Amino acid sequence: MPLYELSLTLRTLSRPELIASLKRSAETILQQGGVLRQFVSLGTNPLPFKMKAHNVWHREGTYFVMKFDAPSSAIENLNDEFKRDIDLIRSHVVRCEEPVKHECTLEEEMKPPAYRKDVQQLIEEGRKVIRHKFKQNTPGFDFYPFQK
Amino acid sequence: MSIIRKIFSDLHVSNFYRITGSKLLPVRVGYSTASSTSSQPGDDLPAENLGNPYQREKRCCVLCKYGVEVDYKNARLLSQFLSPFTGKVYERNITGLCKAKQRSVEREIIKSQNAGYLAVMLKKVEYIRDPKLCDPNRPIRPHRY
């Protein structure tokens, strides 16, 4: 499972320019000490809303996804580099995690409040008697800190 | 008199006992003979591990049922949980998802909007005709407030 996933939105470019831009992005990852794992193209689509990047409004873009492993310190630098690239409209680095398998708790949540476990826990907590203990405002020294 | 004697001769106590091998075993009135050959003391007691036959099937949310993994790149799936008019995410009472899945959907929607996959203020025209996973007019539970 690759560690990070980068989703790039590139502006409409001719093919050789697009290749050059992608190569540049990939090289920045490698420069920062990353290892490219996978490269996926999601096609050229109209953007869901118009986006401004480097004083230009874009309505169409090319989506690419790159999966890579990199040290965590590199991500900040990567984001910095991508911000300065004119060809990129948006760049979004996400940490990949294994999907946690869990059982659906819908049945439990649909019960009336009195039968729900979390509500019952709240009731239990409410029943606890909290005896407030006086907290002395001392730093915890075992000597008197001021000059007598 | 003879007729009566003939009838009553059959009703001797010995007729209620069956000879099997060397032993005389008692025949229980009303039970079939086949089962009583191998009868143990607790054989006719009710079985214990049956469970509640009237228990309803456990309800499962749509995403858990089909094992769907929610991804920020899958804007189409995520937009099924948004309002087509305002683009706002529906609450758990409308979507009918379990807590964990609702939370992951909300997080992925934010990711998707930031990455530029999902529209923010509305629902894309091509996605409006998609099959409805949740109906705001028929929530599965009353509103929180």
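Side chains included, hydrogens not; waters and symmetry mates left out as well; all remaining heavy atoms used. Since the structure is predicted, the reported quantities are computational estimates derived from the model, not experimental observations.
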**Q** Does any heavy atom of chain A fall under 4.5 Å from the side chain of K124(B), the backbone, both, or neither of them?
**A** side chain

**Q** If you count the non-hydrogen atoms of other residues, nucleotides and ligands that lie under 6.0 Å from CZ in R107(B), is the total more than 12?
**A** no

**Q** Sort out for me which of R141(B), E69(B), M121(B), K111(B) touches chain A most, counting heavy-atom pairs under 4.5 Å.
**A** K111(B)

**Q** What I want to find out is whether D118(A) reaches R116(A) closely enough, with some N-O distance under 4.0 Å, to be called a salt bridge.
**A** no

**Q** Give, as side chain, backbone, both or neither, the part of I140(B) having an atom under 4.5 angstrom from any heavy atom of chain A.
**A** both

**Q** Describe, in one word, how the ring planes of Y117(B) and Y63(A) are oriented to each other, choosing from parallel (under 30°), tilted (30 to 60°) and perpendicular (over 60°).
**A** parallel

**Q** If every non-hydrogen atom of R76(B) is compared with every non-hydrogen atom of E126(B), which pair is closest and at what distance?
**A** NH2-O, 3.2 Å

**Q** How about CD on E76(A), more than 12 heavy atoms from neighbouring residues, nucleotides or ligands closer than 6.0 Å, or not?
**A** no

**Q** When only heavy atoms count and the cut-off is under 4.5 Å, which of residues 3-16 of chain A reach chain B?
**A** E5(A), S7(A), T9(A)

**Q** Show the nearest heavy-atom pair for residues M110(A) and R59(B), with the distance to one decimal.
**A** CE-NH1, 3.4 Å

**Q** In terms of heavy-atom contacts, does CD of E60(A) have more than 12 from other residues, nucleotides or ligands at under 6.0 Å?
**A** yes

**Q** What part of V70(B) lies closer than 4.5 angstrom to a heavy atom of chain A: side chain, backbone, both or neither?
**A** neither

**Q** Tell me, with the steps shown, if T28(A) and S25(A) meet side chain to side chain donor-acceptor pair (under 3.5 Å).
**A** CA-CA 5 Å; T28(A) 45; S25(A) 309; 5.4 Å; no

**Q** Select all residues of residues 121-128 of chain A having any heavy atom within less than 4.5 Å of some heavy atom of chain B, and report them by number, or 'none'.
**A** none

**Q** Are R92(B) and E109(A) within salt-bridge range, i.e. N to O under 4.0 Å?
**A** yes

**Q** Which bit of Y72(B) comes within less than 4.5 Å of chain A, counting heavy atoms only: side chain, backbone, both or neither?
**A** side chain

**Q** Could you tell me which portion of R56(B) (side chain, backbone, both or neither) has an atom closer than 4.5 angstrom to a non-hydrogen atom of chain A?
**A** neither

**Q** Hey, what's the ring geometry for F141(A) with F143(A), parallel, tilted or perpendicular (30° and 60° as the breaks)?
**A** parallel

**Q** Does atom CD1 (I86(A)) have a neighbourhood of more than 12 heavy atoms from anything else shown, all under 6.0 Å?
**A** no

**Q** Less than 4.5 Å to any heavy atom of chain B: does that hold for the side chain of V100(A), its backbone, both, or neither?
**A** neither

**Q** Nearest 0.5 Å, what's the NZ-CD distance between K111(A) and E108(A)?
**A** 4.0 Å

**Q** Top residue by heavy-atom pair count (under 4.5 Å) with chain A, among K101(B), K65(B), K99(B), Q113(B)?
**A** K99(B)

**Q** Relative to chain B, which segment of L42(A) carries a heavy atom at a distance below 4.5 Å: side chain, backbone, both, or neither?
**A** side chain

**Q** Counting only heavy atoms from other residues, nucleotides and ligands, does the tally under 6.0 Å from CG of N55(A) exceed 12?
**A** no

**Q** What's the shortest heavy-atom distance between Q32(A) and P71(A), and which atoms?
**A** O-CG, 3.9 Å

**Q** Identify which part of C64(B) has an atom lying under 4.5 Å from any heavy atom of chain A, answering side chain, backbone, both or neither.
**A** side chain

